[in-house]
Amino acid sequence: MPSSKACVCQFTVGSTDGVSSILYTPRYQALICGYRSGQIAVLDMRQRTLLNVFDAHSRTVKELSFEPTQTFMLSGSSDGNALVRTAFS
């Protein structure tokens with residue numbers, strides 16, 4: 001595949017520190033990105049839009065997961081904290 005066709009879409013989020021963890025949710029067709037800055041971004045893959053960005057942690061987001069119903073997102077960070085929150089609100 002030519003490199004000009006390899007990138008389907010690209011998102012620019014407030015943090016420029018780089019993505020440290022990533023999670024896809026088929027139920028919402030969304031991509032959840034955790035950043036080294038502690039931010040978490042929720043990206044709608046259908047509409048190719050940024051849904052939400054929030055400051056979740058004070059250090060690098062290391063882990064992202066959903067509980068089985070995909071209602072609540074769990075995140076863990078190198079700051080030692082684990083958070084449970086809704087990603088789509």
Any heavy-atom pair between the side chains of [Y] and [X] that's under 4.5 Å?
X   : Y   : answer
D44 : Y28 : no
M73 : V84 : no
T49 : L51 : yes
I32 : I40 : yes

Any donor-acceptor pair under 3.5 Å linking the side chain of [X] with the backbone of [Y]?
X   : Y   : result
E67 : F72 : yes
R36 : V19 : no
R85 : S75 : no
T60 : S78 : no
S20 : V61 : yes

Exercise. For the hydrophobic clusters of this structure (ILVMFWY residues joined by side-chain heavy atoms under 4.5 Å, transitively), does one cluster hold both L74 and I22?
Worked result: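 No; tracing contacts between hydrophobic side chains, which count when under 4.5 Å, never links both residues.
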
Closest heavy-atom contact between [X] and [Y]?
X   : Y   : result
L64 : G34 : CD1-N, 3.6 Å
V42 : A87 : CG2-O, 3.8 Å
F66 : L23 : CD1-CD2, 3.3 Å
Y35 : A41 : CE1-CB, 3.8 Å

For this session: Check whether more than 12 heavy atoms from other residues, nucleotides or ligands sit under 6.0 Å from atom CD of Q70, and answer yes or no.
Result: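 Atom CD in Q70 is packed in, count exceeds 12.
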
For this session: With rounding to the nearest 0.5 Å, note down the distance linking CD in Q29 to CG in L43.
Result: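 Rounded to the nearest 0.5 Å, the CD-CG separation comes to 13.5 Å.
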
Exercise. Say you draw a straight line from OG of S37 to CZ of R59; how long is it, rounded to the nearest 0.5 Å?
Worked result: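 That separation rounds to 13.0 Å.
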
Exercise. Looking only at side chains, do D79 and S58 share a donor and an acceptor under 3.5 Å apart?
Worked result: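 Yes, side-chain donor-acceptor contact under 3.5 Å.
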
